[in-house]
2 protein chains.
Amino acid sequence: MIQNLTEHDRENLQESLAKSGQKVTPQREAVFTVLLADRDHPTVDEVFNRAREVMPGLSLATVYNCLETFVGCGLVRQVNHERESTRYCPNLAPHAHFRDKETGRVHDIELPADVIKSLRSILPPGFDSEAIEISFLGRAQGGDAHPTL
Amino acid sequence: MIQNLTEHDRENLQESLAKSGQKVTPQREAVFTVLLADRDHPTVDEVFNRAREVMPGLSLATVYNCLETFVGCGLVRQVNHERESTRYCPNLAPHAHFRDKETGRVHDIELPADVIKSLRSILPPGFDSEAIEISFLGRAQGGDAHPTL
DNA sequence: GGTTAGATTTTGAATCATTCTAAACAGGGA
DNA sequence: TCCCTGTTTAGAATGATTCAAAATCTAACC
Ligand SMILES: [Mn+2]
Ligand SMILES: [Mn+2]
Ligand SMILES: [Zn+2]
Ligand SMILES: [Zn+2]
């Protein structure tokens, strides 16, 4: 069931879009709502199908457009694994991703500042990095008592 | 100019293939030679074009087949960045990748054991990782005095 | 209230890396 | 030589994403 955005989330959406001269539209609001509802790193198709439940006329191209817009605004991150469909993540805190080989599910893994620092430190002089992507592949046993939920 | 494989590299190829019941073929040897000649993380098309110089009848499908075989044998790694074409890397040492935003080139970054350890340590209990991928995005100024060359 | 310019959405076609299929090919025994 | 099996090949198919053009919406202005 898709809840509406909280006042806070709506403002966040509104302001982030405004910064790049763009507006809140019903489609953007629906797509953003879907992303915040289940932070399970959905693919475009998954977002599309979820959003259509509440906005039947929504088109796939619009979902692509909205997600691209959000990435441009810094509202969400793309998450890629090999050449599978791109997934989308509204968690803006620095974090790595863990892909469960068995379920295919993607989990967020908190990334402490000192680990980021130790990673940056392996770069030879002259290498200036503005983004680091870290992904684990393996199995996540047991329940879901982790940051994703 | 594409050199032949060293005796050592040929044996490595032969034995790795043999382990999974496969043989050295002229096509596989050509593709492997190309991978070892310039460790610049070529795409399939780049491998194809380089290999054709020495084996004009080679087909693109065969390059895909050979590379898939090598990945299966553990002879090479795939390197992906977002949804760009997959690149191939014959460096089997644990290493991260640095993508230069300006040139598009991919550089190998040595990955010390203690950094790997500190990364594993951020996984919550129950998360068992068998592979970690790390990629930096940024600019690599200056010469090429780094592990790639 | 109507008009208009610009942004947004929609549909359907195009792209393109990759995978698939089925037919040739190779080569080491029987 | 003939067969068996793995390999290669050409071309078709796939599928996520992007593109192009027309339709729709919105907000500002008259
Ligand atoms: Mn889980
Ligand atoms: Mn360089
Ligand atoms: Zn995430
Ligand atoms: Zn590499």
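Lettering follows sequence order; numbering is per chain, from 1.
Contact annotation for B:G57: backbone-only contact, meaning every heavy-atom pair under 4.0 Å involves sugar-phosphate atoms and none involves a base. Across all strands, B:T43 comes closer than 4.0 Å to no nucleic acid atom at all (heavy-atom distances). Within the nucleic acid shown, B:Q22 comes within 4.0 Å of sugar-phosphate atoms alone, with no base atom in reach, counting heavy atoms only.
Note on B:Q27: a side-chain N or O is less than 4.0 Å away from OP1 or OP2 of D:dT9.
Side chain of B:S85, nearest nucleotide from D:dA16, C:dA17, C:dT9: C:dA17. The listed nucleotides are D:dT7, C:dA17, C:dT9; the one nearest the side chain of A:T62 is C:dT9. Among C:dT10, C:dA17, C:dT18, the nucleotide with an atom closest to any side-chain atom of B:D45 is C:dA17. Considering only side-chain atoms of B:Y64, the nucleotide from C:dT18, D:dT8, D:dA16 that sits closest is C:dT18.
Electrostatic pairing of A:R50 and A:D40 counts as a salt bridge here, judged by a charged N lying under 4.0 Å from a carboxylate O.
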Q: Start with the C-alpha gap between A:E82 and A:R99, add the side-chain angles, then the distance that decides, and say whether side chain to side chain contact (heavy atoms under 4.5 Å, CB included) holds.
A: CA-CA 11 Å; A:E82 307 197 338; A:R99 156 160 316 240; over 6 Å; no

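Distance NZ (A:K23) to P (D:dT24): 18 Å, rounded to an integer number of Å.
If you run side chain to side chain donor-acceptor pair (under 3.5 Å) between B:R77 and each of B:H41, B:H95, B:E133, only B:H95 comes through.
Heavy-atom minimum distance, B:H81 versus B:L137: NE2-CD1, 4.0 Å.
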